[in-house]
Amino acid sequence: MRTRLLYRDRDLREPPQAPPRSEELRRNLGLDRLLPVMASGDDALYRVAETMLLGDVASADDIRYRHEVLRDCLAHPDAVDDLRRIAVRAVERERHNYFGLFTRATPDKVLYRSLDVLDMFLGAFTELRAACDRWRGAFSSAGFDAFFSCIATDLDDDYLAAVREHLEGLRFAKGELISMRLGTGAHGTDHVLRHPDRSGWRRLRARDGAIDLDVDDPAAAEALTVLAGRGIRTAADAVAQAAEHVAAYFRTIADELGFYRAVMNLLAALDERGAPWCLPEPSARGPLCHGLYHPVLALETREPVVGNDIDTEGASVTIITGANHGGKTTLLRSIGTAQLMFRCGMPVPARDYRGPVHPQVLTHFGGEERGGGDTAGRLEEELGRMSAVADVIRPGALLLCNESLASTNEREGAALARQIVETMRDCGISVVYVTHMYELARGLADAGDPRHAFLRAERLPTGDRTFRILPGRPLPTSHGEDLFQRIFGSAGV
């Protein structure tokens, strides 16, 4: 049984693992404020959204595949919720049924509890097939076509009837028929469960006569229980494995549809605030986008957000400079969040977007030290985190730096930062670096390397910030005096 709602050639049986330094990534990009919107109070949706957003890296083909499935989901949200409800309810009932099973998991308990679970799953299968028959004609994506086709083929009436008959037979209403050989020390060996006859019995027939067992005798009853357990152990294990396989199938349906429901929750929240979004296009070059913004900002304010246009095709190093409080860090977070959303097949917060898929996204934000300390201590802490990033980063990754290595004097910080940026660049890693260090920005600009791009926060002649980030070479000032005057006025001079 297959789902095929996320991947063309496989299912999401094992959720992706959180990447190295994922907690730092969550904190720096503000994902802890985004995930609750996607979950909308559902813990299962939060888990799925978190694992997919942080850990999943889809191929370009799978990204387009998911976009098709998402279009179907957006067109028929009631169908998505109906199918997911069936799967979630089956998973919850299975979990409740197995609670406490393995306290004393004798073979007979494993067998009969597994049969109860499979009986419950048969009802869920019947409900699932009816729902698929009801909704199938409304969907057009390859993902839903594969899902519906599998249900129709694998869960037809004949198959369900055959399964029901087998499950009834495994309950051994007339007892178990077990054969065995007499082994060393007169112990039974090679126990084999046989298909029972129709007569029923309380007598075990031996080759040279008959042995009568009084089933009211506790010792005899215990002996029969042990004997039956040895005989049905193989069947119990097989049925338990079948129950787990079916449970995993329903969990996969719940998780894969849960991913799309979480995406739909986010898009509904963005639509409510009039914030644009688009289905991004994978490309070897880029990014090239228009109206890029940070979704958390759009969700937490009622004011229209300012989007930015970015065209850094061909550049592997992007340096962002400009006025204080001009939107530089927000743009950095926008770039990182858009990349995470993009690579797991989600829409991105922009009017349009195309660019490469990065297998890793890592962050290094300055000033994250815990506690005080002198300048040397803060620099040591920053270098320690940068070393930890270098230990796990790989070619093709995207590294986002925000005022990194600015805890020392500018000359020393710029020299260290430039070595790191150029090393990362030469290793095939893309770097986006927000900095006030003019020595760093000017040095990279003067190098005349076509792999370097420069953006600058816009400042009007009046000193007002527009929060737009435009192409521009670095300036030797960040206009901090504007903020000083605005806060303290002329009396503070």
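In this chain, numbering begins with 1 at the start of the sequence shown.
Relative ring orientation between F125 and F121 is described as tilted, the plane-to-plane angle lying within the 30° to 60° band. Ring pair F148/F139 is perpendicular by interplanar angle, where above 60° counts as perpendicular and below 30° as parallel.
Using modelled atom types and a 3.5 Å distance limit, the side chains of H294 and T330 yield no donor-acceptor pair. In summary, the side chains of H436 and N324 do present a donor paired with an acceptor at a separation below 3.5 Å, with no hydrogens or angles considered. Looking only at atom types and distance, the side chain of D464 has a donor-acceptor partner in the side chain of T462 under 3.5 Å away. Using modelled atom types and a 3.5 Å distance limit, the side chains of S149 and R136 yield a donor-acceptor pair.
Looking only at side-chain heavy atoms (C-beta outward), I310 and I335 come within less than 4.5 Å of each other. With contacts defined as side-chain heavy-atom distances shorter than 4.5 Å, the pair L299/L266 qualifies. Between L34 and T337, some side-chain heavy-atom pair lies under the 4.5 Å cut-off. Using a 4.5 Å cut-off on side-chain heavy atoms (C-beta onward), F467 and V305 make no contact. M346 places a side-chain heavy atom less than 4.5 Å from the side chain of L53. At least one side-chain heavy atom of E412 sits less than 4.5 Å from a side-chain heavy atom of L416. Taking the side chain as every heavy atom from C-beta outward, P276 and Y293 approach each other to under 4.5 Å. Residues T363 and N402 form no side-chain contact, since every pair of their non-hydrogen atoms from C-beta on lies 4.5 Å or further apart.
From E381, atom CD reaches atom CE of M386 across 11.0 Å, with rounding to the nearest 0.5 Å. Rounded to the nearest 0.5 Å, atoms OG1 (T3) and CG (L12) are 7.5 Å apart. A distance of 13.5 Å separates CE in M437 from CZ in R411, rounded to the nearest 0.5 Å.
The environment of CZ in R134 is crowded: more than 12 heavy-atom neighbours from other residues, nucleotides or ligands sit within 6.0 Å.
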For this session: Walk me through it: do S316 and R425 pass the test side chain to side chain donor-acceptor pair (under 3.5 Å)?
Result: CA-CA 6 Å; S316 54; R425 177 201 65 196; 5.4 Å; no
For this session: Output, in order, the C-alpha distance, side-chain angles, deciding distance and verdict of side chain to side chain donor-acceptor pair (under 3.5 Å) for D42 and S40.
Result: CA-CA 6 Å; D42 188 320; S40 190; over 6 Å; no
Problem set entry | Worked check of side chain to side chain donor-acceptor pair (under 3.5 Å) between N308 and H290 | CA-CA 6 Å; N308 281 289; H290 296 92; over 6 Å; no
Exercise. Would L74 and Y260 satisfy side chain to side chain contact (heavy atoms under 4.5 Å, CB included), going step by step from the backbone distance to the final call?
Worked result: CA-CA 9 Å; L74 291 170; Y260 291 108; over 6 Å; no
For this session: Decide yes or no on side chain to side chain contact (heavy atoms under 4.5 Å, CB included) for D426 and R451, but give the supporting numbers first.
Result: CA-CA 10 Å; D426 294 341; R451 296 172 294 177; 3.5 Å; yes
Problem set entry | Derivation of the ring-ring contact (aromatic ring centres under 6.0 Å, His included) call for Y353 and F342 | CA-CA 9 Å; Y353 185 105; F342 175 27; 5.4 Å; yes
Exercise. How far apart are the C-alpha atoms of R351 and D309, what are their side-chain angles, what is the distance that settles it, and do they pass the salt bridge (charged side-chain N to carboxylate O under 4.0 Å, His left out) test?
Worked result: CA-CA 9 Å; R351 294 195 305 274; D309 301 341; 3.8 Å; yes
For this session: Could you please spell out the steps behind the side chain to side chain donor-acceptor pair (under 3.5 Å) verdict for W277 and D271?
Result: CA-CA 9 Å; W277 52 268; D271 288 343; 2.8 Å; yes
For this session: Start with the C-alpha distance between L362 and L25, add both sets of side-chain angles, then the distance that settles side chain to side chain contact (heavy atoms under 4.5 Å, CB included), and finish with yes or no.
Result: CA-CA 6 Å; L362 293 112; L25 184 66; over 6 Å; no
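Checking side-chain atoms of Q17 against main-chain N and O of G55 turns up no donor-acceptor pair under 3.5 Å. Remark: the backbone N or O of L31 is not paired with any side-chain donor or acceptor of R26 at under 3.5 angstrom. Put simply, the side chain of E410 gets close to the backbone of Y438: a donor and an acceptor are under 3.5 Å apart. Side chain of S141 to backbone of F144: a donor-acceptor contact under 3.5 angstrom is found. Not one N or O on the side chain of R459 forms a donor-acceptor pair closer than 3.5 Å with the backbone of A457. Side-chain atoms of R343 never come within 3.5 Å of backbone atoms of M341 as a donor-acceptor pair (strictly under, hydrogens ignored). With hydrogens and angles ignored, the 3.5 Å screen pairs a side-chain donor or acceptor of T423 with a backbone N or O of Q419. Under the 3.5 Å distance criterion, the side-chain polar atoms of R8 are left unmatched by any main-chain donor or acceptor of R4. When atom types are taken as modelled, the side chain of T51 and the backbone of R47 share a donor-acceptor pair closer than 3.5 angstrom.
At a threshold of 4.0 Å, the pair R251-E244 counts as salt-bridged, since one of the basic side-chain nitrogens sits closer than that to a carboxylate oxygen. R64 and E68 are not joined by a salt bridge, as no carboxylate oxygen comes within less than 4.0 angstrom of a charged side-chain nitrogen. One finds no salt bridge joining D255 and R84 here, because no Lys/Arg side-chain nitrogen approaches an Asp/Glu carboxylate oxygen to under 4.0 Å. Look at D81 and R261 and you find a salt bridge, because one of the NZ, NE, NH1 or NH2 atoms lies within 4.0 Å of a carboxylate O, short of that distance. Under a 4.0 Å N-O distance rule, the pair R473/D446 qualifies as a salt bridge. Using a cutoff of 4.0 Å between basic side-chain nitrogens and carboxylate oxygens, R2 and D11 are not scored as salt-bridged. Salt-bridge check for E24 with R385: passed, with a basic side-chain N closer than 4.0 Å to an acidic carboxylate O. A salt bridge links E300 with R33: at least one charged nitrogen is closer than 4.0 Å to a carboxylate oxygen. Between D56 and R66, at least one side-chain N (NZ, or NE/NH1/NH2) sits under 4.0 Å from a carboxylate O, which counts as a salt bridge. A salt bridge links R85 with E127; the closest basic N to acidic carboxylate O contact falls under 4.0 Å. For D32 and R27, the salt-bridge test fails: no basic side-chain N is under 4.0 Å from an acidic carboxylate O.
The minimum heavy-atom distance linking N28 with R333 is given by the pair O-NE, 2.5 Å. Of all heavy-atom pairs spanning A417 and Y433, the tightest one is CB-OH, 3.4 Å. Residue S430 comes nearest to H358 through the heavy atom pair OG-CE1, 3.5 Å, listed as atom of the first residue, atom of the second, then distance. Pairing each heavy atom of V69 with each of G143, the nearest pair is CG2-CA, 3.8 Å. Scanning all heavy atoms of the two residues, the minimum distance from L405 to E382 falls at N-OE1, 2.7 Å. Heavy atoms only, all atoms of each residue included: A39 and L45 are closest at O-CD1, 3.6 Å.
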